[in-house]
Amino acid sequence: MCSRQASKLLEDLNAAQQKAVQIIDGPVLVLAGPGSGKTRVLTHRVAYLIREAGIDPGHILAVTFTNKAAREMKERLHALIGADHAADLTIGTFHKVCARFLRRDVIHLGRERDFVIYDSDDQERLMRRVLKDLNLNEKQYPPRAIHSAISSAKNELVSAAEYARLNRASYYDEIVARCYERYQALLHESNAFDFDDLLFETVRLFQQHPPVLAKYQERYRYVLVDEYQDTNRAQYVLIKQLAAQRRNLFVVGDNDQSIYAWRGADIRNILHFEEDYPDAQVILLEQNYRSTQSILDVAQAVINAGGQQKHVKQLWTENGVGVQVSLHEGYDQNDEAQWVVDEIAHLVLQGDYRLGDMAVMYRTNAQSRAVEEALMARGLRYQIIGGMRFYERKEIKDVLAYLRVIHNPCDNVSLARIFNVPARGIGGRTEEALYRWASELGVPVYQALQVLAGPDRTTARSVTDADGMTTDPVSPPQSPFNARTRATLLAFLEFIDSLITAREQLDLVGLVDTILERTHFRAALQHEYGPDEGEERWRNVQELREVAADYIYLQREAQLVTFLEEVALVADVDTLDEQQDVVTCITLHQAKGLEFPVVFLIGLEEGLLPHSRSMDEKDKLEEERRLFYVGATRARERLYLLYAFRRTSFGRTSVSSPSRFLASIPQELIKPAMKRPIVSVPPQSYSAAQRKVSRFARNDTSRFARNDTVVSNESERPSTVRFLPGQAVRHHMFGEGIVMSSKIVEGDEEVTVNFAKKGQKRLLANFANLERIEP
DNA sequence: GGCTCGATCTTTTTT
DNA sequence: AGATCGAGCC
């Protein structure tokens, strides 16, 4: 058994990891603390199954939550077992795997296999349509709220009919039930699935068609699931279905890192694994290979302060104590960001780290703004994960909408998107009339346009209805359009059809180019947004074209559908670039699964972490705590904790207090004060600073004591600064201002000045010709 | 049908 | 504070 290969697969693993890797059959639960080598266990186990147990790679299915995690597994397996074997494995996200199953077998559910996938924007648009159809007011019934109720229902595997049956308590539920039903009908008409449908419909397919399920059970004899604590009901059932026959189910997770309850993840799935599978073997991975003991102690202190759960892990490491975790209070979010950026610059200048080693993590995307501004002002390269997603930009979605319509003209949402992009005189009223007319006919809008064109027209693509019958265009109801509108609509139809025809001769990039040329896309962007923003948006479109170029090596028919599917299912974190030497700014949620030598956790304040909307319920509060835990355990060597004294949100500024989670960290784990001659309080803020000092004096939280107004006596960096904080200065262009801080950077003195008229600037004293003046 | 202005909302986290 | 949306105007 212990061949040379096996020993090679096992030699770098600790005892617990080895045990996990070597169990071939039966259910296994691996509880893996952060940094305990969970991905390594997953990949080595797959390799072990193939190499040592002789399992055909085609029989192995590994499911993850992000494409990034899937990609990582694939790459590592590629290295472990070689390209040929790796290519036969099925590794993908839940959504991707389900989409693949549905492409193959959705016909059993009476649906077409060339379905499109609606993202959240499409979903919202469709929901707006639903509300209009049902004569409901968007103000009273916000589309997103309704959709979120439906989404939760789908995650719980509750169908529209069941929802109506189960939720009769309130009028609101009644409304949701009606919307749910209509929403599904419209999805069906557009031959579309939303994200939740991919899971739900796959489960339904397996439930209603046992032979189909049996086929997949026979194929996937070994099932592995990553981040099992994040599974929702639908995912849980899906996995249960697949593993029901062979029961070779290997799940890896960490209840302490469960942070997705808000989107339906049910922590009970992992907590009750042993009840679902009484013969399960449970393995704890507690040795951490990532962080220093200092970092682990802080993380552990916070997580242990919460209500204790099942499966308590005690993390330990051989990495040594390392640098103490430090805590800093910024004056406001800008000062907080400034401090972070200063420290980043400091670490880089000292030569200890590269920009790419560092990450700034926060609870809400909005917090990235101050950080971005500070990084930009300092000229440090960075990437922001999330926020406005690339694939959600209007110009990108417009191009994608063309591609989707070409692929599936029944897609009403995409068709509606491009009616008037570029402007061609099909406005809201025409669109509405067309939609209503199509509803009357009971066909997708595209088909209604064909009817409008008359029976003689040669169609580029014949569309069949759900019964598989070509719709009879003999006696259409009178169309509501005058001659001019009709002509406009028919020109549009002809345009779409010509693109559909063009597709046959072109590869994906050719098709994109054709769309862009024939819509005069660039000119339209310039016209709409002006030369600067227009060009910027055009560059985004070019970037999309670059992405499309990756697909032209596929078979021509597969290019478009594969592209559309992958584009629909990318997550922000999938776009994270680890190769580039840039600072990463990322939300705590997205940071799960990542690691960085240096991590800054910012905004550790009541109301942000824990978030104000998650403070009142115990369960939600505990999830916030785990969020802190996830963030802290991303750090390998240095962890910085920050909060701001006051913060502006929604245009309102208010005083905030440090997160309660900080209070559960023993004082001795925290480095008492920062010793860097950078941070200062401008004179005009003294009153605020004093208030703050008195507040801490009153509360006797001495470890929060700040040294803002003190220029430290750090010794290794002899200070020859000529400008001290508070000094009034004049600049030939910026006018008069107050020095905020100053320090020596590479032989020059870098002075930060707050100019009365021009705001804060960062200047090099040798070049700036700053003049001292008396205030 | 497209424009400007003011009212209103945003910010929890996402496949 | 900034973006988005709607009403009212051209």
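Just so it is clear: chains get the letters A, B, ... in the order the sequence lines come, proteins before strands, and each one is counted from 1. Heavy-atom basis, side chains included; hydrogens, waters and symmetry copies ignored.
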With A/Asp122, the salt bridge (charged side-chain N to carboxylate O under 4.0 Å, His left out) member among A/Arg129, A/Arg404, A/Arg128: A/Arg404
Pairing residues for A/Phe650 by the side-chain contact (heavy atoms from CB on, under 4.5 Å) criterion, not counting sequence neighbours: none
A/Phe419: ring pair (Phe, Tyr, Trp, His ring centres under 6.0 Å) partners, not counting sequence neighbours: A/Phe492
Option passing salt bridge (charged side-chain N to carboxylate O under 4.0 Å, His left out) with A/Glu565 (candidates A/Arg100, A/Arg113, A/Arg103): A/Arg103
Spacing of the C1' atoms in C/dT4 and B/dT13 (rounded, Å): 22 Å
Shorter than 3.5 Å, N or O on both sides, protein versus nucleotides 2-10 of chain C: list them out with atom names.
none

Residues in side-chain contact (heavy atoms from CB on, under 4.5 Å) contact with A/Ser190, at least two apart in sequence or another chain: A/Tyr118, A/Ala192, A/Asn412
Test item: A/Gln241 side-chain N/O and A/Phe206 main-chain N/O as donor-acceptor pair under 3.5 Å: no
Grab the N/O contacts between the protein and nucleotides 13-15 of chain B below 3.5 Å, and write none if there aren't any.
unit_1 : atom_1 : unit_2   : atom_2 : d
B/dT13 : OP1    : A/Asn365 : N      : 2.7
B/dT13 : OP1    : A/Asn365 : ND2    : 3.1
B/dT13 : O2     : A/Trp262 : NE1    : 3.0
B/dT13 : O2     : A/Arg363 : NH2    : 2.7
B/dT13 : O2     : A/His589 : NE2    : 3.3
B/dT14 : OP1    : A/Thr587 : OG1    : 3.2
B/dT14 : OP1    : A/Gln590 : NE2    : 3.2
B/dT14 : O4'    : A/Arg263 : NH1    : 3.2
B/dT15 : O3'    : A/Phe65  : O      : 3.4
B/dT15 : O3'    : A/His95  : ND1    : 3.3
B/dT15 : O2     : A/His95  : NE2    : 3.0

Residues which pass salt bridge (Lys or Arg N to Asp or Glu O under 4.0 Å) with A/Asp577, listed by chain and number, not counting sequence neighbours: none
Nucleotide B/dT10, atom C1' - distance to NE2 of A/His611 in whole Å: 11 Å
Side-chain ion pair, A/Glu392 and A/Lys397, N-O less than 4.0 Å: no
Salt bridge flag under 4.0 Å for residues A/Lys618 and A/Glu622: yes
For nucleotides 1-7 of chain B, tabulate all protein N/O to nucleotide N/O atom pairs closer than 3.5 Å, reporting atom names and distance.
unit_1 : atom_1 : unit_2   : atom_2 : d
B/dG1  : OP1    : A/Gly427 : N      : 3.3

Set of residues satisfying salt bridge (Lys or Arg N to Asp or Glu O under 4.0 Å) with respect to A/Glu566, sequence neighbours excluded: none
A/Glu75: salt bridge (Lys or Arg N to Asp or Glu O under 4.0 Å) partners, not counting sequence neighbours: none
Nucleic acid contacts of residues 232-243 of chain A, taken as heavy-atom distances under 4.0 Å to DNA chain B: none
Residues in ring pair (Phe, Tyr, Trp, His ring centres under 6.0 Å) contact with A/Tyr260, at least two apart in sequence or another chain: A/Trp262, A/His589
Give the table of side-chain donor-acceptor pairs shorter than 3.5 Å for residues 139-146 of chain A, with sequence neighbours excluded, one pair per line with atom names and distance.
none

